[in-house]
Amino acid sequence: MAPGREASAEELAQLAGGAFQNYAERLLEELLTAADESPEFAEVWVPRQFSDAMDRAGAAMREALTDSRHRHAVAQELQRKMFEAELMLRRAMKMRASADRVRGIAAS
């Protein structure tokens with residue numbers, strides 16, 4: 001975007017969506033790492049923490065654009081990224097559960 005030029009709806013949506021996606025990826029990685037210390041709580045704790053943080057981040061980003069004429073386009077992109085983040089969480093939790101089962105079998 002050139003200095004002094006207002007971002008288009010598409011540019012703003014891509015910027016917000018990219019920032020949200022980066023945040024979601026980092027957060028999930030950090031939550032999964034933190035859950036390694038208490039694996040018995042991971043199944044409930046990680047999804048709850050992740051979902052709460054995604055809701056807060058999305059709301060804050062939408063609130064920051066309250067007066068923007070591109071708010072709707074950005075909100076749609078954020079909604080799409082929230083669905084993708086939820087899918088990323090489900091996949092990660094499924095992989096974690098599978099790995100835990102394998103470890104349990106190997107330990108017996």
Side-chain angles (χ1 to χ4, degrees):
M1 184 173 76
R5 183 178 73 81
E6 183 179 339
S8 70
E10 183 178 338
E11 290 169 329
L12 200 51
Q14 285 180 347
L15 182 65
F20 188 87
Q21 182 174 341
N22 288 338
Y23 175 69
E25 290 169 356
R26 284 179 147 167
L27 176 65
L28 182 56
E29 184 178 313
E30 290 177 14
L31 289 172
L32 291 171
T33 298
D36 285 342
E37 296 177 20
S38 300
E40 63 275 7
F41 298 111
E43 189 176 326
V44 174
W45 183 79
V46 171
R48 182 179 307 138
Q49 295 299 313
F50 187 77
S51 294
D52 288 350
M54 292 295 93
D55 288 345
R56 286 191 307 271
M61 291 177 89
R62 286 188 301 273
E63 185 65 30
L65 296 167
T66 299
D67 297 327
S68 173
R69 62 188 174 120
H70 303 310
R71 185 172 195 248
H72 183 70
V74 172
Q76 285 183 317
E77 180 66 10
L78 290 174
Q79 186 66 41
R80 186 174 73 82
K81 292 298 181 179
M82 287 182 92
F83 286 131
E84 290 175 3
E86 181 67 28
L87 181 58
M88 180 176 61
L89 169 66
R90 288 181 185 177
R91 286 179 178 157
M93 294 306 293
K94 187 179 266 188
M95 286 174 43
R96 182 183 186 88
S98 294
D100 288 346
R101 272 188 253 118
V102 168
R103 278 191 291 263
I105 292 168
S108 19

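If you're wondering where the values come from, they're calculated on a predicted model, not measured in any experiment.
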Enumerate, atom names and distances included, each donor-acceptor pair closer than 3.5 Å involving a side-chain atom of residues 52-64, sequence neighbours excluded.
residue : atom : partner : partner atom : Å
Arg62   : NH1  : Gly58   : O            : 3.4
Glu63   : OE2  : Thr66   : OG1          : 3.4

How long is the straight-line distance from [atom2] of [Y] back to [atom1] of [X], given to the nearest 0.5 Å?
{"X": "Gln14", "Y": "Glu11", "atom1": "CD", "atom2": "CD", "answer": "7.5 Å"}
{"X": "Gln49", "Y": "Phe41", "atom1": "CD", "atom2": "CZ", "answer": "13.0 Å"}
{"X": "Glu84", "Y": "Glu77", "atom1": "CD", "atom2": "CD", "answer": "7.5 Å"}

Can Arg90 and Glu86 be said to form a side-chain contact (heavy atoms from CB on, under 4.5 Å), step by step? CA-CA 6 Å; Arg90 288 181 185 177; Glu86 181 67 28; 3.4 Å; yes

More than 12 heavy atoms of other residues, nucleotides or ligands under 6.0 Å from CD of Glu43: is that the case?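 Not more than 12 within 6.0 Å, no.
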
Show the nearest heavy-atom pair for residues [X] and [Y], with the distance to one decimal.
{"X": "Ala9", "Y": "His70", "answer": "CB-ND1, 3.3 Å"}
{"X": "Ala42", "Y": "Met93", "answer": "O-CE, 3.4 Å"}
{"X": "Ser51", "Y": "Leu89", "answer": "OG-CD2, 4.5 Å"}

Phe50 and Trp45: same hydrophobic cluster, using ILVMFWY side-chain contacts below 4.5 Å?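 Yes.
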
Under 3.5 Å, which donor-acceptor pairs link side chains of residues 28-39 to any protein atom two or more places apart or in another chain?
residue : atom : partner : partner atom : Å
Thr33   : OG1  : Glu29   : O            : 2.9
Asp36   : OD1  : Arg96   : NH1          : 3.1
Asp36   : OD1  : Arg96   : NH2          : 3.0

Before giving the answer on side-chain contact (heavy atoms from CB on, under 4.5 Å), spell out for Ser68 and Val74 the whole-Å C-alpha distance, their side-chain angles and the decisive distance to 0.1 Å. CA-CA 10 Å; Ser68 173; Val74 172; over 6 Å; no

After noting the C-alpha distance and the side-chain angles of Arg80 and Gln76, does the key distance pass the side-chain contact (heavy atoms from CB on, under 4.5 Å) rule? CA-CA 6 Å; Arg80 186 174 73 82; Gln76 285 183 317; over 6 Å; no

